[in-house]
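Okay, so here's the structure we're looking at.
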2 protein chains.
Amino acid sequence: MEQVDSMRVVYSPRHHLHDPDFEVTGGRRIAGYEVAARVESIRHALESDPDFSFEAPGTFGIGPIRAVHDAGLIAYLESAWQDWRARGTGASAIMPDAFLHPGARAGMGDAPAPSSPCGQAGYYCFDTATPIVPGTYEVTRVACDAALTAADGVLSGERSVYALTRPPGHHSARAVFGGYCYLNQAAVAVEWLAGRTHDRIAVLDVDYHHGNGTQQIFYDREDVLYTSIHADPSRTFPYFAGHASETGAGAGTGTTFNQPMPAGTNDAQYLEAIERTLTRIEAFRPAVVVVSLGFDTYGQDPIGDFALTTPVYHEIGRRAGALDLPLVIIQEGGYDVANLGRNAREWLRGSAGLAPAFAAEDGVKAIGS
Amino acid sequence: MEQVDSMRVVYSPRHHLHDPDFEVTGGRRIAGYEVAARVESIRHALESDPDFSFEAPGTFGIGPIRAVHDAGLIAYLESAWQDWRARGTGASAIMPDAFLHPGARAGMGDAPAPSSPCGQAGYYCFDTATPIVPGTYEVTRVACDAALTAADGVLSGERSVYALTRPPGHHSARAVFGGYCYLNQAAVAVEWLAGRTHDRIAVLDVDYHHGNGTQQIFYDREDVLYTSIHADPSRTFPYFAGHASETGAGAGTGTTFNQPMPAGTNDAQYLEAIERTLTRIEAFRPAVVVVSLGFDTYGQDPIGDFALTTPVYHEIGRRAGALDLPLVIIQEGGYDVANLGRNAREWLRGSAGLAPAFAAEDGVKAIGS
């Protein structure tokens, strides 16, 4: 595989405007994991590497988002903070405490959308990890613009473009958000690409967590293959989706491919799973692959329980790049800030056919290739 | 209306074993409102009044609970604490942080019940106000036994019996719990009474909050009338049920009667609503009326926003008693501990055709009659 010109990285510093400083886990309020330093760690690692070049996202408007998300959810995310402030609670972030639950409405039909800010929060959000703060809507819109800029780049002939975004997006479904995610920028890019190419699009989701939102959005779609390698939801978030038995519905039957993995999953096990996934993607013959790129699979990640090492990210990226399909690479999770930049750099270098950086720097042994 | 012998009060001190000391509201961990002192306030007020006599609950077993609740929910509540401890988190209470949400599964069919304690929490519970602690299951079972003891009392010829229970129950639906509630003792009593009488049963829910769980359980039932006067769910918990447009389904069409009320609802407005409700109950010609009795309608309640005064509780009780139907009275909410005993005493005295106590004590002016 030949080396390419520098890889384009789409980045905006506006992500700093989304700065919730907490989440609630099991009833305990803790410092949030999804912090601005995550993206800055990656930015620093890539800025020091001449094989990457940075650019600002373009502006794509609300149209591509409306194509994916429920109008009520979009309107809520847009107005939630102002409505909350108008209520005068004084709280620095919106977080629901009572949730629309199917069991509570069983036999009663759909609930009407609530008009109060507290009810709306639990109507549109499914967890206590995803606070809305003043800058949230602007930043999730910027993330969508970045993903679309990357998508536009590959349609213009780039081999791959990387959208360095936060917050992540893959847990947000058509009409409900959560898991640190608001709008689903990967799904927005997929839909936009499907509309432009009139061809098949595949998703390679390698975040530690199952991308339940992306799966839900495309579950019945024949033209979108969703693949994910992730922690078994029977032990971890998002709990209620991501099983191997979920393979799609209707025209989309067979276009969802989940590989739930055990705690302690190591490099070798992960590479076997990647091989199965890439075989599926190749067989699908997509025009473009959208990568939901997470590094919470790393052995030191404070949330995950996998055991991946830095060298394997280069190898995973290399194999994804070896598909020889355009890659729209979108940053999702990964919470070990200290190593996030290094791991992302290796993945991206691998995907671009570039040699690992770690060998020279760290003397660690390469995997595969 | 003639004065009766002393009213039976079913009470067990075992409620102290359920002692969560917190809840989470809008992402903030605060002292819980649903505390043992609530029931003790009422106990003290009634023990000093010779018109009430205390007794312990009988034992009715799991059968009447299985008739109302999903087997998975019951098994979860029974084993949750031990499973949680076995996981070794060290947390003093179970509280979910990610919830089964219909939007997250739209088009994907039902989610399998999760096997992990964290997933189960959000599969069976819909809010962050309802922690499970070591004594929770025992105490919610005792509350059911107390409600059934009261139900058994009226079938044995008592005019009315009062189950002085906590935690409350009316927010718990067939397969999901929340709102400080675990098992739904009012629903358990209703179902048991329906089975014994082979006749119609009515629910008079006068808690400040809509009894969404009780409504859900009996929504399609022709033989159970659910009535509720409550804060409009468009502004407050439980948010997703309790609208006037919800009137039942299938054979139960017309057997749900909700009166959502505005903030600041006062004695006169409330009495008008009660009159409409009692007219509906009379027309239904039930064999027994199960009262879900809450005092969070009180003007000083820290959760509610109604403006009811102590005298009106005597009048509401008096009018309920004037139905001249057996009353199974079950304690639900009410969080102004200082006045809870007094308000409950007045309601119960009124329902039993007894004169108000407050006139002599406080010189406050009676309402109505």
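Per chain, numbering begins at 1; letters A, B, ... match sequence-line order.
Note on A/Ala129, A/Ala113, A/Ala106, A/Ser172: by heavy-atom pairs under 4.5 Å with chain B, the leading option is A/Ala106. Counting heavy-atom pairs under 4.5 Å between each of B/Ala173, B/Ala175, B/Ala111, B/Ser115 and chain A puts B/Ser115 at the top. Across B/Cys118, B/Gly252, B/Pro233, the residue that shares the most heavy-atom pairs under 4.5 angstrom with chain A is B/Cys118. Between chain A and the options B/Asp220, B/Thr25, B/Asn212, heavy-atom pairs under 4.5 Å are most frequent for B/Thr25. Per-residue counts of heavy-atom pairs under 4.5 Å with chain A were compared for B/Pro131, B/Ala104, B/Ala249; the largest is that of B/Ala104. Taking A/Gly27, A/Gly103, A/Pro117 one by one and counting their heavy-atom pairs under 4.5 Å with chain B, the maximum is reached by A/Gly27. Contact count versus chain A (heavy atoms, under 4.5 Å) is highest, among B/Met108, B/His171, B/Arg174, B/His101, for B/His101. Ranked by heavy-atom pairs under 4.5 Å with chain B, the list A/Val176, A/Ile94, A/Thr128, A/Asp97 is led by A/Asp97. No other option in B/Ile217, B/Val24, B/Asp70 has as many heavy-atom pairs under 4.5 Å with chain A as B/Val24.
With a threshold of 4.5 angstrom between heavy atoms, A/Tyr219 approaches chain B through side-chain atoms but not through N, CA, C or O. At a 4.5 Å heavy-atom cutoff, the contact between B/Phe237 and chain A is made by side-chain atoms alone. Contacts of B/Arg29 with chain A are made by side-chain atoms alone, with heavy-atom separations under 4.5 Å and no backbone atom involved. Only the side chain of A/His243 comes within less than 4.5 Å of a heavy atom in chain B; its backbone stays farther off. Heavy atoms closer than 4.5 Å to chain B are found in the side chain of A/Pro112, but not in its backbone. Interface residue B/Tyr123: backbone and side-chain heavy atoms are both found under 4.5 Å from chain A. Within the 4.5 angstrom heavy-atom criterion, atoms from both the backbone and the side chain of B/Gln216 approach chain A.
Judged by distance alone, with hydrogens and angles left aside, the side-chain atoms of B/Arg105 form a donor-acceptor pair with the main-chain N or O of A/Phe240 at under 3.5 Å. No side-chain donor-acceptor contact under 3.5 Å links A/Arg235 to the backbone of B/Ser116.
In this structure, the separation between CE on B/Met95 and CZ on A/Arg28 is 11.0 Å, given to the nearest 0.5 Å.
Of all heavy-atom pairs between A/Leu100 and B/Pro102, the closest is O-CD, 3.5 Å.
Counting non-hydrogen atoms of other residues, nucleotides and ligands closer than 6.0 Å to CZ of B/Arg66 gives a total of 12 or fewer.
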